[in-house]
Amino acid sequence: MTQNSPPLALPPSLSRTVAALPDKDRNRLDDTITRLHTVNGRLWDTEDRVRGALLSAAQVADCKREIDQLNAERNLLAERADEVLGSLADAGRADVPLHTETLASVVDRLSVLTLRIWHSERAAARDELARRRVPALHGQREELCAALDALVSDVVAGRRRLPVPARFKLYGRDDAAPAEIKPSRRLRRVLAFGGLSECGKSTSAEFVQRTCGAQRFKIGFLLRQAAHGEGLADPYALSPRRQAELLLGGLNRFADAHVDTELFTIESVHDDASIAELKRIMGDALQIVYLDASFAVRVERSGTPAQAVAAKDEIKMSRGAHQVAALADHVIDNASSIAALRARLRRIAAPPASTALRAATPYGLGLPAAVASATADFTDAVRAYGPGVRLAALTGSPGEGSWIVGWSDLDLLVIAEHEAIGRVHEALEQYRTALGGAASLGPTLVTPGELTARRLTPRLAFVLHQLQQGSPVLYAAPSLELPTISRGELAFAAVRELPQVILTMRRLRADAGPIALRQLYKHLVLACRLLLREHNQWESGPDRILAAASRMPGLTALATPSLAEISSAWRDGEAELVLKPVTVAVDQLLTWYAAQFAA
C-alpha cells in the first residue's frame, strides 16, 4: 500500500471463510491481496502524476510504461488470489448458475473503491463535489461488501459457480500473460547493504569484494543502466516492484555474462519498498544486511559537522532507509571493533556448512603401537570434555599415510572453544608425556569462531581442505560447521605463503649443516607444493611433489634422494650423506625462483 493510504478490510463472511483455510493457503492469500491493494494504490498515484504537473514527453512515457506494468502485475495478482479463492467453490455442481466475475475481481473492485473513498475524503475539505460524493461512496462500499459476502456463501454452498479466472491481458506485450522476472540460475548470492549515513556500508562492501571476490555494484548505477536499456528516463519515478525488476534484470545480465562470479553486493539500500519487492522475488538468494551505529559514532567517523550527517540522514529516512532494518536478514551493530565487523561479514558472505568428516582410530593411521596408544588416550580425553572441543585430527603425513618414525612430526589440529583451551593444554601435556621421545608433537589450537570468520593461515586453510576431501579425523562433534575451502582459495593462499617459505629456505641454506637437513628438505617440499598449487597441480607425498615440480618450465630436474633414503640417513646420524643433493636442489629452486621476477 502507498504511504498513508488506507488498509483493505474484507467483509465478515469472506474473512471467516478465509480464516478457515489451511495456514499455507491463508498466508498466501493474505500476501497476495495485500500486494494487490498496494499495486492499486500505486496505480492511482501514477495516474494522478501523469494527469497532474507538467511533465516532459520522456516522463509521460515512463508513467505510461509504469501503468502498463502495474496493470499487468494487478491482473497477475488477481489470478493468484483466485487460485486460492477458487478452492472455496463446490466443484461438483456444474448445473448451477454462473456468476459474471471471480471472487478476486470483486475484491479488486473493493480495493479500488476503498482508495476512492480515502482520496475523496481527503479532497472533501476543499472540494464541495467530493464532499457530497463521500456518503454515496460509503453506501456503494456497504452494498459491494454485502454482495461479496452473499456470493461467498452461494459459492461455498454450491448455489453458484465461478468463471475461469484467467484474464489474458496483454498490456502492450506480445505474449498472453505478463512474464514474471526470476533470478538467473547463475545469480547465486547477493548481499544488499543498508543503513544511515556513515554507518559502514561502503567499507563493508569493499571488504567483501576484497576478501571474497564479490562483484560490487551501487544500486543507483544498476537502476540507471537497466532503465537506459529499456528506454526509461527516470527509474526513481517507477513503482518499487518495477525498480526491483530493473535491479534484478541488471544483476541477471551481469551474472550470465560472468559465470565464475558467485557473490554480488549492492549498496546503498535507501528504499525499503523496492528492496522488499526484490526480496520477494529472490528469496534467500538475497541477504539484506543493515549496518547500525549511533548518531554520535557516525558523526565522529564522518569527520564532518553533525548537521551535515543529520541532513543526509533526513534524505535517506524520507525514502525509508531506516525501515530497512525491519526487513533485514542481518542487523550488525557497527559500533564495536573492526575485527568483529569483518568476522560477521565473512560468515554472511561465505556461511559455514555442516561437514561430513571421515573418522579413523589412531591404530588405522599406520602409527607405531606406542604412538597410536598415546594418541587414542588423548582422543578419549578431549572427547570427554563435551561440546567445548569440536574436533581433533592428526594432519599432514599421518593423513597421507607417509608418517615415518624418527623423522615425521605429529601435527595436531584441535578446534575448541576458548573456555576449553585450558583443559586441552592439560590433555596435551599428558599426550607429550605418554609419547616420550617417540615423536615430536606440533599442536595447532583454534576456536570455532575464528574458523567460521575465516581468520585462517594458508596452512590451516589447506588442512581444512584436506579434511573436507577425506583426510581422517580422530574426533568430530556432531553438526560441526566449517568454512568450505576451495582449490581456488588455496591457490591464492599459496601466492601469499610462498614468499615466506622462500625467505626461510634462504636462511636455512645459509647455515646448511647436517643439523639443518630436515628443515631444509621440508621447506623444499613445501615450496614445490605451493608452486604446483599456483599451476593448479595437486600432488601429495614428498617424492611425487618433487618429481612434479621438476617438470615445471625452465626448472632443472631436482635430483634428490627419496624420502625413505633421506629419513633413514637422518635417523642413522648420517645426514651428511644426503645433504649435498638436497642443497643442490634447494639452490636450483632458489635460482629458478629469482629468475621468474628478474626485471
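Given the structure is predicted, the values throughout are model-derived calculations rather than measurements.
- Remark: the backbone N or O of G449 is paired with a side-chain donor or acceptor of R347 at under 3.5 angstrom.
- At a threshold of 4.5 Å between non-hydrogen side-chain atoms, the residues F193 and I266 do not count as touching.
- Here the OG atom belonging to S274 is positioned 14.0 Å from the NZ atom belonging to K279, to the nearest 0.5 angstrom.
- The existence of a salt bridge linking R423 and E417 is excluded, since no basic side-chain nitrogen approaches an acidic carboxylate oxygen closer than 4.0 Å.
- In this structure, the salt bridge (Lys or Arg N to Asp or Glu O under 4.0 Å) partners of D380, at least two apart in sequence or on a different chain, are R383.
- The backbone N or O of A369 sits nowhere less than 3.5 Å from a side-chain atom of S373 that would complete a donor-acceptor pair.
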Under 3.5 Å, which donor-acceptor pairs link side chains of residues 549-561 to any protein atom two or more places apart or in another chain?
residue : atom : partner : partner atom : Å
S550    : OG   : L546    : O            : 2.9
S550    : OG   : L558    : N            : 2.9
R551    : NH1  : A547    : O            : 3.3

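- Between the OG1 atom of T395 and the CG atom of L412 there is a distance of 7.5 Å, given to the nearest 0.5 Å.
- With hydrogens and angles disregarded, a donor-acceptor distance shorter than 3.5 Å links the side chain of Q596 to the backbone of W592.
- Using a 4.5 Å heavy-atom threshold, the side chains of N252 and R186 count as separate.
- Contact annotation: the side chain of R189 never approaches that of D284 to less than 4.5 Å [non-hydrogen atoms, C-beta and beyond].
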Working note: L589 + C528, criterion side chain to side chain contact (heavy atoms under 4.5 Å, CB included); need CA distance, chi angles, decisive distance, verdict. CA-CA 9 Å; L589 183 65; C528 289; 4.1 Å; yes
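- The number of heavy-atom neighbours closer than 6.0 Å to NE2 of H418, taken from other residues, nucleotides and ligands shown, is 12 or below.
- In the displayed structure, E300 atom CD is contacted under 6.0 Å by at most 12 heavy atoms of other residues, nucleotides or ligands.
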Salt bridge (Lys or Arg N to Asp or Glu O under 4.0 Å) assessment of R459 paired with E497: CA-CA 8 Å; R459 295 192 190 190; E497 186 181 11; 2.6 Å; yes
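- A donor-acceptor contact shorter than 3.5 Å is absent between the side chain of R346 and the backbone of R342.
- Screening D271, L291, V269 for a side-chain contact (heavy atoms from CB on, under 4.5 Å) with V324, the sole residue that qualifies is V269.
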In residues 509-521, what donor-acceptor pairs under 3.5 Å come from side-chain atoms, sequence neighbours left out?
residue : atom : partner : partner atom : Å
R509    : NE   : D587    : OD1          : 2.8
R509    : NE   : D587    : OD2          : 3.4
R509    : NH2  : D587    : OD2          : 3.0
R518    : NE   : W407    : O            : 2.7
R518    : NH2  : W407    : O            : 2.7
R518    : NH2  : D409    : OD1          : 2.7
R518    : NH2  : D409    : OD2          : 3.3

Could you go step by step and tell me if K312 and E198 meet the salt bridge (Lys or Arg N to Asp or Glu O under 4.0 Å) rule? CA-CA 10 Å; K312 288 194 284 186; E198 310 299 337; 3.1 Å; yes
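- Rounding to the nearest 0.5 angstrom, the gap separating the CZ atom in R454 from the CG atom in L345 is 13.5 Å.
- Within the structure, ring-ring contact (aromatic ring centres under 6.0 Å, His included) pairs that include any residue of residues 354-400 comprise F378-Y431 (at least two apart or interchain).
- A salt bridge does not link R319 to D272: none of the charged nitrogens lies less than 4.0 Å from a carboxylate oxygen.
- Between R432 and P443 the shortest side-chain heavy-atom distance falls below 4.5 Å.
- Between the CG atom in L191 and the CD atom in Q287 there is a gap of 7.0 Å [rounded to 0.5 Å].
- Of the inter-residue distances, the one linking K316 atom NZ with H270 atom NE2 reads 4.0 Å to the nearest 0.5 angstrom.
- Side-chain atoms of P448 and L451, non-hydrogen and from C-beta on, never get closer than 4.5 Å to each other.
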For a salt bridge (Lys or Arg N to Asp or Glu O under 4.0 Å) check, start with the C-alpha distance between D313 and R298, then their side-chain angles and the critical distance, and finish with the verdict. CA-CA 11 Å; D313 279 354; R298 293 187 287 114; 2.9 Å; yes
Applying side chain to side chain contact (heavy atoms under 4.5 Å, CB included), run through L248 and K182 and close with a yes or a no. CA-CA 8 Å; L248 181 55; K182 295 180 180 180; 5.8 Å; no
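- Salt-bridge check for K218 with E267: passed, with a basic side-chain N closer than 4.0 Å to an acidic carboxylate O.
- Legend: residues meeting salt bridge (Lys or Arg N to Asp or Glu O under 4.0 Å) with D333, ordered by chain and number and at least two apart, are absent.
- Side-chain contact between M282 and V190 is present, with heavy atoms from C-beta onward closer than 4.5 Å.
- A side-chain donor-acceptor contact under 3.5 Å links R358 to the backbone of G470.
- Remark: the backbone N or O of L467 is not paired with any side-chain donor or acceptor of S471 at under 3.5 angstrom.
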Step-by-step side chain to side chain contact (heavy atoms under 4.5 Å, CB included) determination, Y290 to H330: CA-CA 6 Å; Y290 187 86; H330 312 274; over 6 Å; no
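- No more than 12 heavy-atom neighbours from other residues, nucleotides or ligands sit within 6.0 angstrom of CZ on R185.
- A donor-acceptor pair under 3.5 Å links the side-chain atoms of S567 to the main chain of A564, judged by distance alone.
- Side-chain atoms of E565 come within 3.5 Å of backbone N or O of S562 as a donor-acceptor pair.
- Within the 4.5 Å cutoff, the side chain of V473 has no heavy atoms near those of the L394 side chain.
- Rounded to the nearest 0.5 angstrom, S202 OG and Q209 CD are separated by 11.0 Å.
- For F254 and F217, the ring centers are positioned less than 6.0 Å apart.
- For residues 435-478, no residue pair satisfies the ring-ring contact (aromatic ring centres under 6.0 Å, His included) rule, not counting sequence neighbours.
- Side-chain contact check for L590 versus R506: some heavy-atom pair is nearer than 4.5 Å.
- Using a distance-only test at 3.5 Å, with no hydrogens or angles considered, a donor-acceptor pair links the side chain of E450 to the main chain of T447.
- The aromatic rings of Y593 and F597 sit perpendicular to each other, their planes meeting at more than 60°, with 30° as the lower class boundary.
- The closest donor-acceptor contact from the side chain of E534 to the backbone of A494 lies at 3.5 Å or more, if one exists at all.
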